[in-house]
Amino acid sequence: MLYSEKVLDHFSNPRNVGEIEDADGVGEIGNAKCGDIMKMYLKIENDIVEDVKFETFGCGSAIASSSMATELIKGKPVSEAMNLTNKAVTEALDGLPAYKLHCSVLAEEAIHSALEDYYSKNPEKKPADFDKKAERDSE
Amino acid sequence: MLYSEKVLDHFSNPRNVGEIEDADGVGEIGNAKCGDIMKMYLKIENDIVEDVKFETFGCGSAIASSSMATELIKGKPVSEAMNLTNKAVTEALDGLPAYKLHCSVLAEEAIHSALEDYYSKNPEKKPADFDKKAERDSE
Amino acid sequence: MEKRFVYADNAATTAVSEEVLAAMLPFFREGYGNASSIYKLGRDAQRAVEDARSKVAKALGADPREIFFTSCGSEADNWAIKGTAELMAKKGKKHIITSVFEHHAVLHTTEYLEKHGFEVTYVPVSDKGLIDPADIRNAIREDTALVTIMYANNEIGTIQPIEEIAAICHEKGVLFHTDAVQAVGHVDIDVHSQGIDMLSLSGHKIHAQKGIGALYIRKGITLPNLIHGGGQERGKRAGTENVPAIVGLGVAIEAATRNIAEKNAVITQRRNKLIDGILKLPYTRLNGDRDKRLPGNLNISIEGIEGESLLLMLDLNGICASSGSACTSGSLDPSHVLLSIGLKHEVAHGSMRLSIEEDVTDDDVDYILEVVPKVVTRLREMSPVWEKMMKGEKYE
Amino acid sequence: MEKRFVYADNAATTAVSEEVLAAMLPFFREGYGNASSIYKLGRDAQRAVEDARSKVAKALGADPREIFFTSCGSEADNWAIKGTAELMAKKGKKHIITSVFEHHAVLHTTEYLEKHGFEVTYVPVSDKGLIDPADIRNAIREDTALVTIMYANNEIGTIQPIEEIAAICHEKGVLFHTDAVQAVGHVDIDVHSQGIDMLSLSGHKIHAQKGIGALYIRKGITLPNLIHGGGQERGKRAGTENVPAIVGLGVAIEAATRNIAEKNAVITQRRNKLIDGILKLPYTRLNGDRDKRLPGNLNISIEGIEGESLLLMLDLNGICASSGSACTSGSLDPSHVLLSIGLKHEVAHGSMRLSIEEDVTDDDVDYILEVVPKVVTRLREMSPVWEKMMKGEKYE
Ligand SMILES: Cc1ncc(COP(=O)(O)O)c(C=O)c1O
Ligand SMILES: Cc1ncc(COP(=O)(O)O)c(C=O)c1O
């Protein structure tokens, strides 16, 4: 098991920890039995991710992945957040040990889950291909 | 494998090495195939072992056993030589490794063999119990 | 609060002690002879090995001829169990008894044997982490080849009723092995009077080098080899003797078994202070019996957080600890030991083991008691699980 | 003649080199972390282990993921052979091919397997100590699971036609293992291009610590474990990693495989001087092919004397050497290697092996060439066998 410096940095100083009281979308993924739960809060304005925060119960790479994922989408168009892959998260962290890759997947899924929540409340904004993308992810 | 100091001493400075040209009794025991041959030469006068010499092809403990055995009987009555046991040789050497004990047995046997040779040439001197003893040894 | 370095993971491994290293050093570049060589350099090496063997034997109440050096505790466990299995299978005995919470060196070995025609009974442990000797008695059958029960558990430190179990085994004519890797140096062991047939130990848990261990095999048991080859260890374990490590093990075990009671008194007191201090945190529990445990061991579950992140946070504060978290092991399930005493998965994930020795001072204890709550609070603050718990919601 | 100390038994074991010890030292008392621990002390240890693994891989032309650390060469041999046996038995393949003059770590392992339902073919060696690849080809059957042939013999130093044998095995679809304990560092090895499936090596033959070795296992072969337990070595070999010894092995193999050709040129020249010098003694013979041998090895039979006493005499003169004498091994028969090349027992008893490296200087060579004849003469003078030989009598 070897964590990169980036992972250790995002673990020890996680960015965007916390809750957004009036979030536009909230997603939660994982379960405590397996040792990982991630919760993502999104604040969306004009199709831009104005703010994002997370809460995570999980190992070092789960926390680091959450932190990195929020950094990667904060201030970006929602379309980019939608396209965020676990690969991008892992690369931005300079890699994760093989058996920790699922942590980056959780981060991707938590963001998608939050977006799903957002679109369920704002169906008019939902892009035509969103469901197809969500499906692809769960393959 | 641990040799005592005594063994190493008798190996490196073996006593009574050589041949006695006009020996009264000569005995040889062992074979080269097994890695040990001991040859003992006895000079006997008035039932005393006046001189004894040995030649040995063999390992360190074979040489040390030969040397010690000659020391133990030199100048002693023949009856004592006859009673020399491998145990006495081993003890005088402060012990031998278990799998080297046969070397001390060879020394005992070589002396007995030399005595046998002596008695075969001097049957009148042969004690009544010599054959019995020889038998016991080969048990 | 000034940052300190506190090593509190002695159950994982220990530093080589100064005296052990000093004893080893002459055997790397000067006394490097092969202990099977006949010249002085070799004979001196052999003498050093035999001297160490005597020390190990003395520490266990055994005869030197009953001690065989191995490359680690795992090898000793594998050898004892597979060797006995091979030996007894010839007599038609193909049943083995062990417990559910043994070290993997035992469990993965018995699982291997299950794939090769052996039947294995795994006796349960109580919620306190203790084995009931009656369960062993009930499990013994006509075809039982071996009972193997650990002396002390490596995660929760509970000490098992070894003598009672050994007595039952002998009454029934079954061989008894104990993995004493965690016990040696912390409890008094006398293999002969305790009726132990085989015992595994490992050097690196008692300040010797990693990669050296030993198996005690009671005289009269002719265990088949695990590693065949040269005539080392009286033909029972091949491989050129690791002279420096063996010498070090001799010195280490002598030191570790000296004044056990005195050491334990000091350590137990500090350990108890740690337990009491950490248990002040809400939603925490001590795992394993409080009294029947190794003096330096505490294992506490802390709900709402996950173990690995706790360890990493402690590490950032200079504290080395360990956890039963699945995430530290690369598997998905948390520690089989914690599950065996009845913990739920989500609780087991958030556990922490500290294993201290006398070098952990009172100041260190205070430091740990300052850091742990701070770190736990921080992790709980970012934990959605904790949030739900506080709201009284279920979080499964 | 001034007394010197000349270590000429490097095939038995070597001294840990200065650079190896220097690399190891930080891992005893400072970097003592368990390589599986998650905190920095553990991560640093793991990094050191992986760095060493890369070095071993590089030296062999392998991938780091193909290198598994073991506790010695013997364990590596046992693992490769028993593991392959277990693996292939499932496919009904229960035949193994090896040679009559392998190291006991191989031979006693195949003998063990013979008792457990395997059939083993022992191919002969020529009077020069060389294996004929055609014998391997002829021995291969439908149910052959493994061919295991040593790279270089430990007693007579002969180097075997490994690539040819490997090619035959691959042509026939049979796995090929080689015990390269004596070869590593003395010949150029590239496992991939040479078609080697598994290769054993041992640290203490190349100036690393005793008690550390490695097995190279080609990617794609899923060898069952020999030692079950924790997840070390990617789950293939349990036991807390011996970090200092592993680090030392990395440094040692890097050094040993650097400039092999240059080293060999120097050593071979000195070795040849020794051979020519000692063969001047009457009734002596060189054992093993003169050219296809390890650069530092000479093995000479000296009739009329016994090997152990020769070694002890050399030792008194400060020279460390070894012999194929039965008396040094505790058995009754002399070296199976010397018998395998056709020596009579009585000749084999009187053999001497010198294994030198570049630290044995020209002056040392001269010293050996002064001492050996003196000592041989002395022993022959007290030898009844020699006496008979000189008289032209038979001495059997
Ligand atoms: C050819 C050969 N194989 C295997 C071994 C065994 O190595 P180890 O002593 O590290 O177990 C040796 C040396 O003893 C050897 O020379
Ligand atoms: C109870 C127990 N058994 C066996 C082992 C294995 O010991 P080693 O790492 O020396 O193989 C350990 C430690 O890792 C242990 O705690």
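Convention: sequence-line order gives letters A, B, ...; per-chain numbering from 1. None of these values were measured; they are calculated from a predicted model.
Sorted by first and then second residue, the salt bridge (Lys or Arg N to Asp or Glu O under 4.0 Å) pairs involving residues 74-83 of chain D (not counting sequence neighbours) are D:E75-D:R237.
Taking each heavy atom of C:T13 and D:G33 in turn, the nearest pair found is CG2-C, 3.9 Å. The two residues D:G239 and C:C72 have their closest heavy-atom pair at CA-SG, 4.0 Å. C:S37 and D:D9 make their closest contact through OG-OD2, 3.8 Å (heavy atoms, listed as atom of the first residue, atom of the second, distance).
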Just do the side chain to side chain contact (heavy atoms under 4.5 Å, CB included) check on D:N225 and C:H108 with the steps written out, would you?
-> CA-CA 10 Å; D:N225 285 23; C:H108 288 167; over 6 Å; no
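With a 4.5 Å cut-off on non-hydrogen atoms, C:F5 touches chain D through its side chain but not through its backbone. If you measure heavy-atom distances from C:L25 to chain D, the contacts under 4.5 Å come from the side chain alone. Proximity to chain D involves both the backbone and the side chain of C:T109, based on heavy atoms less than 4.5 angstrom apart. C:S202 does not touch chain D: none of its heavy atoms, backbone or side chain, sits under 4.5 Å away. Of the two parts of C:H116, only the side chain, counted from C-beta on, holds a non-hydrogen atom closer than 4.5 Å to a non-hydrogen atom of chain D. With a 4.5 Å cut-off on non-hydrogen atoms, D:N242 touches chain C through its backbone and its side chain both.
D:R29 contributes atom CZ, which lies 10.5 Å from atom OG1 of C:T14 (distance to the nearest 0.5 angstrom). Separating the CE atom in D:M24 from the CE atom in C:M24 is a distance of 6.5 Å, to the nearest 0.5 Å. How far CD of C:Q209 is from CZ of D:F27: 12.5 Å, rounded to the nearest 0.5 Å.
Using a 4.5 Å heavy-atom cut-off against chain C, the contacting residues of residues 227-234 of chain D are D:I227, D:H228, D:G229, D:G230.
Taking C:N78, C:L21, C:T70, C:V243 one by one and counting their heavy-atom pairs under 4.5 Å with chain D, the maximum is reached by C:N78. In terms of heavy-atom pairs under 4.5 angstrom with chain C, the leader among D:A105, D:S71, D:A15, D:G211 is D:A15. Looking only at heavy-atom pairs under 4.5 Å with chain C, the residue among D:L41, D:V106, D:I319, D:L226 that has the most is D:L226. Put simply, of D:A321, D:A245, D:S322, the one with the most heavy-atom pairs under 4.5 Å next to chain C is D:A321. For the set C:Y112, C:W79, C:Y32, the entry with the most heavy-atom pairs within less than 4.5 Å of chain D is C:Y32. Counting heavy-atom pairs under 4.5 Å between each of C:N34, C:I246, C:L316 and chain D puts C:N34 at the top. With chain C as partner, the option from D:A238, D:G73, D:C320, D:A12 having the largest number of non-hydrogen pairs under 4.5 angstrom is D:C320.
Using bins of under 30°, 30° to 60° and over 60° for the plane-to-plane angle, the ring pair D:Y7/C:Y39 lands in the perpendicular bin.
Between C:E241 and D:K210 no salt bridge is recorded (no basic side-chain N to carboxylate O distance below 4.0 Å).
Other residues, nucleotides and ligands contribute only 12 or fewer heavy atoms inside 6.0 Å of the CD atom of D:E18. The environment of NZ in D:K94 is crowded: more than 12 heavy-atom neighbours from other residues, nucleotides or ligands sit within 6.0 Å.
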